[in-house]
Enquirer: 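One structure, pasted below without further comment.
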Amino acid sequence: MTLSVRNLTISRGGLPLLECVSIDVPAGEALILRGPNGVGKTSLLRTLAGLQEAEAGEIDADPDELLYASHADGVKSQLTVVENLTFWAEVYGQTVPEEVYEHFELADLKSRLAGTLSAGQKRRLGLARLGVINRKVLLLDEPTVSLDQVSVKRFASFLQTTHLAAGGSALIATHIDLGLDAPTYDLSQNIAAPTPLDQDEAFL
Amino acid sequence: MKALLLRDLRLAIRAGGGLGLGLAFFLIVIVLVPFGVGPERELLSAIAPGVLWVAALLASLLSLDRIFALDFEDGALALLATSPLPLEGAALIKAAAHWITTGLPLTIVAPLLGFLLNLETTAYSFLWISLLIGTPALSVIGTFGAALTVGLKRGGLLLSLLVLPLYVPTLIFGAEVVRRGADGLNATTPMLLLAGITAVAFALLPFASAAVLRVNLR
Amino acid sequence: MSVWEYANPRRFMGWTAPVLLWVFGLAGVALVTGLIWGYFFTPDAARFGSTVKIIYIHVPAAFIAINAWIMMLIASLIWLVRRHHVSALAAKAAAPIGLVMTVIGLATGAIWGQPMWGTYWAWDPRLTSFLILFLFYIGYISLWAAIEDGDTAADLTSWLCLVGSVFALLSRYAVLFWNQGLHQGASLSLDAEENVADVFWFPLVLCIVGFVLLFIALVLLRTRTEIRLRRAQALERRMARN
């Protein structure tokens, strides 16, 4: 098991959001997170990435194997495509493999400033970071926003053939059908009962 | 670490304005002072050390809110926080990038502006050295202020309010060095104390900055 | 039972309710006696004339102004380490009191300074230090006011208080270096040589005790208000969920 979550309770802005979330993502597999807007998909992924603290529960994963991608992907308009990717590669102590440009259809755009790219191209650049940083467990938050159908397919095939096939795994929050052969997990079943949190409880 | 520094410098240069703006502000403040206090050479010469230091300090304040704001908005800061790079290191690098784009250019042009204020000839080397030692502290302290206010909608004014009192010791010792230089006195003591303040700022503030960044990223 | 139990908000509300009255009462007694004693039953000082009597306000206010910040520093540390909400709220509650005491200290100093030094304001190290302290209080209070989420605000202001304390200390020594000043030595040090004379000393100590008790009472009162505000918020949140 590369990512295992037991009875996780998380909150946002002092309100309990999700409770008893238990998820297993084995090596080589993906899991699709579903649920209506505001249910807590982003908060769950941020918690797993270590950006916020869980109220209760256990997360079993190697922090050095996790890679988080938010829907804001930190692409810098004033840097070229190559510079954007090289930066992240260097932060993770790696180099940019050439095939990444092919996978994400960026080969023709390499020396363009990211600011001159279309929304979809920018998004592909943001996602290309995942191919640059070689990590086992991907935590993806709405990875396909502003991608057209062809690009969605290509991204799904990148996940399937390059990442999952090599024994990686992924936890993906999305509203659309990626066409991946992966189970789904509906977070609606974990919506927290309206009990006060520890933080509030002391005051009630 | 090097990658982040290079990226920030590249961004500062390409974004335009950032680099020149602080310098232009520095120049304008120095030009305005004689209009305010009158053109007497002795008076200008007497207040030059303090005015140069205060103007440099205000100029370095201008670009503070950009240290983290852009990275916070486009998500890069959250991605950096989950990367192998320690956030303390990132805060230090951000301060270094800020210094290279504001403190260093200010230091270089300060002697030129000293002419405008009729600064004593003996004081130029002291002005230069005191700014070289003191402005890094301004950047590190400012980075802490920027980290504190990064999550706020209109943090700019609050940032100045929080950071300026923290600048007091640096300003006092920095201007004292130049004043003593101008009077032909021995400036070793304030110089060492100025370096001491900078050392304290470098030793403590990256940790505090990283801690408040984590709070703001929650 | 651990002493920290008293920091649970509900317990805190319980034990402070009766204590508060007593502290206010004692503060009133000490202040009324101290001030009346000081103003009407001490002789005019040879060097200062009757202006000396302002020390019964000036010195205690200045004393509280500094110690309120130290209390905030300790409370901030307790919040960062042990995460007791009452501690963070107490620091928040103390700040405006410290600010007011700083202003009182500066104002009475200015009023006294005019007959003594012939000026309302001088860049004397102690005056300057208090002015800087005033700026620190303003920054701290503004940061609390600017952040909506209670716990985030508590965290950020605590860090500001920590860093601010280090730099306030550095500023204090920087200011001493910058200008040697004209303030008289400590009015209350244990070193009898530079102490004020006994006739002035006893009512002064009584006034300081009164100010300390008043400070404690006000902090308790304001902390109770903050706790009630947080409780109201928590209840509102719960209603919104139901």
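Quick note on labels: first sequence line is chain A, next is B, and so on, each numbered from 1. Please read all numbers here as calculations on a predicted model, not as lab measurements. For the numbers below, each heavy atom of this structure counts, side chains included, while hydrogens, waters and symmetry mates do not.
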Enquirer: Using every non-hydrogen atom in the two residues, find where B:Thr82 and A:Ala49 come nearest and quote the distance to one decimal.
Expert: CG2-O, 3.7 Å
Enquirer: Give a yes or no on this: more than 12 heavy atoms of other residues, nucleotides or ligands lie within 6.0 Å of atom CD1 of A:Ile176.
Expert: yes
Enquirer: B:Leu70 versus chain A, heavy atoms under 4.5 Å apart: side chain, backbone, both or neither?
Expert: both
Enquirer: Check whether B:Leu77 gets within reach of chain A through its side chain, its backbone, both or neither, counting any heavy atom under 4.5 Å.
Expert: neither
Enquirer: Check whether more than 12 heavy atoms from other residues, nucleotides or ligands sit under 6.0 Å from atom NZ of A:Lys153, and answer yes or no.
Expert: no
Enquirer: Which residues in residues 199-218 of chain B have any heavy atom closer than 4.5 Å to a heavy atom of chain A?
Expert: B:Leu217, B:Arg218
Enquirer: Could you have a look at B:Ala81, B:Ala76, B:Ala78 and say which one has the most heavy-atom pairs with chain A under 4.5 angstrom?
Expert: B:Ala76
Enquirer: Could you give the distance from CG (B:Asp74) to NZ (A:Lys76), rounded to the nearest 0.5 Å?
Expert: 3.5 Å
Enquirer: Which residues in residues 77-90 of chain A have any heavy atom lying under 4.5 Å from a heavy atom of chain B?
Expert: A:Gln78, A:Leu79, A:Thr80, A:Glu83, A:Phe87, A:Trp88, A:Glu90
Enquirer: Considering residues, nucleotides and ligands other than A:Glu58, do more than 12 of their heavy atoms fall under 6.0 Å from its CD?
Expert: no
Enquirer: Between CG of B:Leu79 and CG of A:Leu67, what distance do you get to the nearest 0.5 Å?
Expert: 8.0 Å
Enquirer: Using a 4.5 Å heavy-atom cutoff, which residues in residues 156-173 of chain A come close to chain B?
Expert: none
Enquirer: Answer with side chain, backbone, both or neither: which region of A:Leu113 has an atom nearer than 4.5 Å to a non-hydrogen atom of chain B?
Expert: side chain
Enquirer: What residues of residues 114-152 of chain A sit under 4.5 Å from chain B when you count only heavy atoms?
Expert: A:Arg129, A:Arg135
